[in-house]
Visitor: 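Handing you this structure, nothing more for now.
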Amino acid sequence: MSGIQISDIDRAKSSWLMGVSGEIPVPENWNSDFAGGDAAESQLRMVTLVGQALHLMVEPECNEPFRERAEAPDLKAPTIPENLRSEFRRALQLDKKEHRMAQILTLVAHRGYVSHPDDWFPSSQSSAWPDIYDPWIHWIAGSGSIQDFNEEEINSETWQDFTPAAKARALVALRINNPDQALQLLATHLAGESAEVRLKLLAALETGLNENDIPFLKSLSGDRSQKVKSQAHFLLARLGEIEVNAEEVDELKSFFIKGTLLNKKAVQALKCKNPAQERNRNELMQRIPFKAFADALQISPLELVQNWPVNNKSKANVPFTQMLTLTGEDSLIEAWAHRLVDSDDADEDLLLVLKERLKPETRQELVRKALRQCHFSSAALVELLTPNLGTLPAEELLKSRVWKEFLKVAAKAEDKWDHPVLRAELFDFGLLLEHSGISEIFSAFEKAGWNPHDPGLCLLRLNANLPSVTVTDL
Amino acid sequence: MSLDLKTIEALASDQPSLKAASKLMKSSKWPGRFKNAENSIVWGECQGSGSNPYRVIFDCEEHGYKCTCPSRKFPCKHVIALMWMFVETEPDFNTAEIPDWVREWQGRRKRGKSPTQPSETKSAHKDLTGALAQELENTTAPDPKEIERREKAAKTRAEQSHRLILSGLSELEGWINDQLRLGLVNFLKESRERCRRIAARLVDSRAPSLAGRLDELPAMLVGLKSNEAVDATLMEFSRLLILSRSYQTDPQRLDVKAAISTAISREELLARTDLQTKEGHWEVFAVQTLTQRDGLVRQSTWLRLLEAEQNVFALLLDHYPAATGQRGTSFTPGEQISATLAFYPGELLLRAVIVERHADRVPESVSVEWKNAGSENPLQDYRQQFVKAPWSHELPLTLGAGRLVETDSGQYWWRLENHKTALPLVEAPPAYLIGTRLQRSLALWNGQRATLLATQTKRGITYFT
């Protein structure tokens, strides 16, 4: 058969598109033997030939330009070991809510690993994902591939090469050893960042906050973003550097009564007459520095923290805790956190409000104490420990109230497989525990009637088999 | 590991189950049988009528069991047969490490439950010896006159089928002509109804495979731009016509017959003197499950021979009624097996069944790397395969080093590193692979678009199904 031209194919297609009443003429350069027979037969032979030509002759052609992308970057940490990837994938299926997946990723990141992109890759630019995935988030945003620099390499020359999250981490690290250098970088470069990024980077000054920071913080009173201005204001308040409105302080004071109870100074919130009054009180507590409030009550800030009623029913507890978080000194934050844990009926959410102001070692200490002493849920303890997940020794859990309650519920549960509370607590245990002690937990589970191969235990199994990456492994 | 015949009798639900199990007591039915004494677990793969074997497990201690067959009897005949063979011929079971699919079943089982209790129902007497005796009776040589009668009846049926098929093909060709005459624009608007009608006629004409193709044609056209849809229609019409004329020229040609009516059975295949087999280490690189319009689920398991210099592919094809519910796949992508496969006859050797599983594990030196280089000329490779079976919907390809790129209109393409070839993809790939260098890939090409099935990057091998 002599040459079939694309134009012949196109002509035939055009005819068939709208329909033909008669015979489609066979192209002259097609073998006349081919045509043969009646019109119907000729038609069938033509469509066979055209169809086969489309298979064999036509090469796909794109009529638009291709958009090329840089490769998704490698992350600094190694991927989860191959033999644990299936367990990891199963764990991610346990609870598909974003914050739960983020917790698993945080545990894994704390051990020094990252997900293989086949197993998990961010589909959105959510801030829930651990910072270690920042280069992927950056890549998704279409910002290209960015090299993940080491934190100590941040300076004016490399500033633009760091992602916002990497800048924030690097500045916090720099604040520990060289707070003035970090301050200088902020002073030079902060104005060139977006509002969201400015807010994030400014938080670095919370580390090692000192009077050298005052001039810069004051300069931010002209910032375009209200949130940045507020943040700078609160940092100045912690340093005692803001002017306090005396009338507002008096107004706030009028909502409280100070007395003596069992030879101790006691402060009590008066019941608000209506919601508007309560709102007003709470707003004042957001604006007025903690020290100014204590001064108005004529007690020291520490005494205020020590004597504030931890009663769970008080509506003033939340604004009190927020006020402390915004403008209280670190030592006061810690004191209040301990009081909450020592109390038998404190609201666990108050502790979580304080979280960002607590050092990691303090949070670890509070988690251990809470397990022994109080009724805080395992979920709250996970939140408190984050991002340092997977660091709680197993014996702390085994002698805790949380564990005893868990076993009680498990003993009564008809179907442990489907019990939502037990499933959620198992998930939390998987996030809390150090890997080395988990075998004791499994022994205890077996005694309680859990099959060690139970799919619901996959997060614990993952944790148990995932030791931290050592320097020599990198 | 303790188990005896009395226990098996007691566990079986009725005598017919034992009888059915006795028919499976042949090692040829079991490509693999294994045991693990430490865990008192016995497992195996039993070849059913499909290409994928059923996976069977039995716990000798707790008498729990599992089978992937759709039977509603518990235990099914496969479980009974496995237990029975274990009691009578334990040395035929190879000791092995427990594979993942058995471990997963163990994990899902509720510990602390009392062992599965034998049936207490006072049903008809259950007796293994009786079942075996009945099976023996059925296998004794039948009367020669009976054989002659059966053969004559079979010949009559075959002639009748042939006539019906020819009639169906004639209708099909007339139908294709009508679509061209009425215009493809109209066909594309009404493809569902029109294809359904001709498919029904083909089923009546004993051409169910061909009918299935007409049923699936409308779904193939969904999502295509109009010019692509026209081309896809013409390509499928041409494939159908080639099948039709091939059958008319040589009705005994088995690959054509399979594509029109039904393939030969596994037994018939294995009995052939010209059987083509291939022993080796195989990698499962894709498992696809599709619910067809005719109510059947089609499960396609794609394998590739690991050590071969030239690419050798195999396709295990299974169909089962969607009404029986989701069936677990026997294999998972990435799994590597040591097996002998037998191919269905034809110029293009692709569709196959597993004849025998071998206990040896795939050596690491073979399993770690994809040894065969990907092709720099995938369309050429496709054409070489296609001309051997020019009715094929899609054929497997290897692709050389390339990258995934996208267009402003949201289409994704695979492009060879030297930019000489680019193939549009059926669907969007995983986001993180865009821009990544794909060292080599495995795909299916349907003449218009590629379906990526697996790819190797610096991060390892990714399986897409």
Side-chain angles (χ1 to χ4, degrees), chain A residues 9 12-13 15-21 24 39-41 43-56 58-72 74 79 82 86 116-118 121-123 136 139-140 145 415-417 446 449-455 457-458, chain B residues 100 103-104 106-112 173-174 176-177 179-186 227 230-231 234-239 241-242 245 379 382-383 386-387 390 403-409 411 413 415 421-424 430-437 447-449 458-460 462-463:
Chain A
I9 295 174
K13 276 166 61 176
S15 304
W16 287 323
L17 207 57
M18 301 313 294
V20 284
S21 55
I24 297 179
E41 176 67 16
Q43 178 117 281
L44 290 180
R45 291 186 186 193
M46 277 186 66
V47 79
T48 305
L49 193 64
V50 165
Q52 293 287 296
L54 287 170
H55 269 292
L56 299 169
V58 177
E59 298 248 344
E61 220 174 278
C62 187
N63 52 15
E64 345 167 37
F66 289 131
R67 245 184 318 131
E68 300 202 30
R69 290 196 84 168
E71 269 194 44
D74 290 331
T79 49
E82 190 64 35
S86 55
H116 189 291
D118 272 354
F121 192 78
S123 57
W136 284 356
W139 181 85
I140 289 173
S145 210
D415 192 348
K416 296 176 189 36
W417 305 79
E446 278 197 81
W450 289 83
N451 179 349
H453 299 296
D454 180 352
L457 301 178
C458 57
Chain B
D100 282 346
R103 229 177 251 297
E104 276 192 34
Q106 283 182 301
R108 283 194 293 273
R109 268 180 62 68
K110 298 181 184 186
R111 273 283 182 87
E173 292 190 6
I176 291 176
N177 248 328
Q179 306 318 308
L180 298 172
R181 186 173 49 77
L182 294 170
L184 292 179
V185 165
N186 296 316
N227 57 327
V230 167
D231 284 359
L234 291 172
M235 288 157 88
E236 180 61 357
F237 283 178
S238 83
R239 292 190 287 249
L241 287 166
I242 286 195
R245 294 304 169 98
L379 290 184
Y382 168 78
R383 287 163 194 148
F386 184 75
V387 294
R403 285 178 204 265
L404 297 175
V405 291
E406 55 188 324
T407 65
D408 284 337
S409 61
Q411 245 210 334
W413 290 61
R415 188 169 66 168
T421 303
L423 305 177
Y432 84 90
L433 282 177
I434 300 165
T436 297
R437 183 174 186 265
Q448 287 185 299
R449 293 207 187 179
K458 64 184 179 187
R459 293 189 176 104
T462 297
Y463 299 96

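In what follows, every chain begins at residue 1, and chains take the letters A, B, ... in the order their sequences are listed. None of the values given here were measured: they were computed from a predicted structure.
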Visitor: Please name the pair of heavy atoms, one in B:T407 and one in A:R67, separated by the smallest distance, quoted to 0.1 Å.
Guide: O-NH2, 3.4 Å
Visitor: For B:F386, enumerate each residue passing the ring-ring contact (aromatic ring centres under 6.0 Å, His included) test, keeping only those at least two apart in sequence or located in another chain.
Guide: A:H55, B:Y382
Visitor: Quick one: of B:Q448, B:E236, B:Q179, B:R239, who has the most non-hydrogen atom pairs under 4.5 Å with chain A?
Guide: B:R239
Visitor: Between CG of A:D118 and CG of B:L433, what distance do you get to the nearest 0.5 Å?
Guide: 7.0 Å
Visitor: Roughly how far, to the nearest 0.5 Å, is CE of A:M46 from CG of B:L241?
Guide: 13.0 Å
Visitor: Heavy-atom distance under 4.5 Å to chain A: side chain of B:L182, backbone, both or neither?
Guide: backbone
Visitor: Is the A:F121 ring parallel, tilted or perpendicular to the B:Y432 ring (thresholds 30°, 60°)?
Guide: tilted
Visitor: For residues B:A422 and A:P60, report the shortest heavy-atom separation together with the two atoms involved.
Guide: O-CG, 3.4 Å
Visitor: Can a salt bridge be assigned to the pair A:E68 and B:R415 using a cut-off of 4.0 Å between side-chain N and carboxylate O?
Guide: yes
Visitor: Distance-only, no hydrogens or angles: does the B:R383 side chain make a donor-acceptor pair with backbone N or O of A:L56 under 3.5 Å?
Guide: yes
Visitor: Which pair of non-hydrogen atoms, one from A:V47 and one from B:F237, has the smallest distance, and what is that distance?
Guide: CG2-CB, 4.4 Å
Visitor: Working to the nearest 0.5 Å, report the span between CZ of B:R403 and CZ of A:R69.
Guide: 13.0 Å
Visitor: For B:G435 versus A:E71, what's the shortest heavy-atom pair and its separation?
Guide: O-CG, 3.1 Å
Visitor: Here's a test for you: under side-chain contact (heavy atoms from CB on, under 4.5 Å), which of A:L54, A:V50, A:V58 qualifies with B:M235?
Guide: A:L54
Visitor: Do B:R245 and A:L44 have side chains that approach each other closer than 4.5 Å (heavy atoms only, starting at C-beta)?
Guide: yes
Visitor: Below 4.5 Å from any heavy atom of chain B, which atoms of A:E82 appear? Answer side chain, backbone, both or neither.
Guide: neither
Visitor: Do you know which of A:M18, A:H116, A:E61, A:Q52 has the most heavy-atom pairs with chain B at a distance under 4.5 angstrom?
Guide: A:Q52
Visitor: Using non-hydrogen atoms and a 4.5 Å limit, figure out which bit of A:P65 sits close to chain B: side chain, backbone, both or neither.
Guide: backbone
Visitor: Out of B:N227, B:D408, B:V230, return the one with the most heavy atom pairs under 4.5 angstrom to chain A.
Guide: B:D408
Visitor: Show your working on side chain to side chain contact (heavy atoms under 4.5 Å, CB included) between A:D74 and B:R459 and close with a plain yes or no.
Guide: CA-CA 9 Å; A:D74 290 331; B:R459 293 189 176 104; 3.1 Å; yes
Visitor: Looking at side-chain heavy atoms only, is the closest gap between B:D231 and A:K13 below 4.5 Å?
Guide: yes
Visitor: How far apart are the closest heavy atoms of A:T48 and B:S238, and which atoms are they?
Guide: O-CB, 3.4 Å
Visitor: Do you know which of B:S409, B:P430, B:G174, B:G460 has the most heavy-atom pairs with chain A at a distance under 4.5 angstrom?
Guide: B:S409
